[in-house]
Amino acid sequence: MSVPGRVFAAVFSVGLLVAMFVPILRDPPRDGFPLSNYPMFSEGKKKARAEIGHVVGFSREGRHRPLSPDILGTEEVMQAHQTVRVAIRKGATAALCRDTADRVAESSDHGDLERLEVRTDVYDAIEYFAGDKSPRSTRVHASCSVPEAP
């Protein structure tokens, strides 16, 4: 390669590197191509509070557990979560509770459950992963009995 060709290649390479790293020098930093500072993770103070809307089943012995997504009519965790959130937002939690109770009654895996609650539990996320799994607060949106198995 000739000297002018090498100079061009070197200048072009340096120019590309400068263009790629210029976004780092912006104040305030902006998200964009080719580099991202992932503002959804890097900006602002993160909340340690997590609100979880779900359906919880209560057994005759007084134990309780969140129901799995399949009993809410889907195999997807996020779809189940969204189903509960939409029902809460639209005020349709009583219907969701009744429909879920009917599925529980038909399920052989949930024969011990006698009552359901559609509820929002608030957790301290940091404490949750440190071992304290108890909710900080609970809001019950609907409660219903599980009908006798057919």
Legend entry - Distance-only side-chain donor-acceptor flag, S107 / D109, under 3.5 Å: no
Inset, instruction - State, without any angle test, whether T120 and H141 hold a side-chain donor-acceptor pair at a distance under 3.5 Å. - result: yes
Legend entry - Residue from I88, V55, V140 passing side-chain contact (heavy atoms from CB on, under 4.5 Å) with T93: I88
Legend entry - Option from D99, L113, D112 for which side-chain contact (heavy atoms from CB on, under 4.5 Å) with V104 holds: L113
With clusters defined by side-chain heavy atoms of hydrophobic residues (ILVMFWY) lying less than 4.5 Å apart, directly or transitively, does [Y] cluster with [X]?
{"X": "F12", "Y": "V3", "result": "no"}
{"X": "V146", "Y": "V84", "result": "yes"}
{"X": "I52", "Y": "M78", "result": "no"}

Considering all heavy atoms of both residues, which atom of [X] and which atom of [Y] are nearest to each other, and what is their separation?
{"X": "L72", "Y": "R103", "value": "C-NH1, 3.7 Å"}
{"X": "P69", "Y": "E76", "value": "CB-O, 3.8 Å"}
{"X": "H54", "Y": "Y123", "value": "CE1-OH, 4.1 Å"}
{"X": "V118", "Y": "C97", "value": "CG2-CB, 3.9 Å"}
{"X": "S143", "Y": "E117", "value": "OG-CG, 4.0 Å"}
{"X": "A80", "Y": "T74", "value": "N-CG2, 3.6 Å"}

Is it the case that atom [atom1] in [X] sees more than 12 heavy atoms from other parts of the structure closer than 6.0 Å?
{"X": "Y128", "atom1": "OH", "value": "no"}
{"X": "R139", "atom1": "CZ", "value": "no"}
{"X": "E75", "atom1": "CD", "value": "no"}

Rounded distance [0.5 Å steps], [atom1] in [X] versus [atom2] in [Y]:
{"X": "R89", "Y": "Q82", "atom1": "CZ", "atom2": "CD", "result": "6.0 Å"}
{"X": "C144", "Y": "E114", "atom1": "SG", "atom2": "CD", "result": "12.0 Å"}
{"X": "R49", "Y": "S137", "atom1": "CZ", "atom2": "OG", "result": "6.5 Å"}

Inset, instruction - Mind running side chain to side chain contact (heavy atoms under 4.5 Å, CB included) on R65 and H110 for me, showing each step along the way? - result: CA-CA 10 Å; R65 65 182 184 268; H110 299 86; 3.6 Å; yes
Legend entry - I71 and T100, any side-chain heavy atoms less than 4.5 Å apart: yes
Legend entry - Lys/Arg-Asp/Glu bridge criterion (N-O < 4.0 Å) met for D124, K133: no
Legend entry - V56 vs L67, side chain to side chain contact (heavy atoms under 4.5 Å, CB included): CA-CA, chis, key distance, verdict: CA-CA 6 Å; V56 177; L67 298 182; over 6 Å; no
Inset, instruction - Report the C-alpha distance between S134 and D132 in whole Å, list the side-chain angles of each, state the deciding distance to 0.1 Å, and finish with yes or no for side-chain hydrogen bond (donor to acceptor under 3.5 Å, both in side chains). - result: CA-CA 6 Å; S134 59; D132 182 3; 2.7 Å; yes
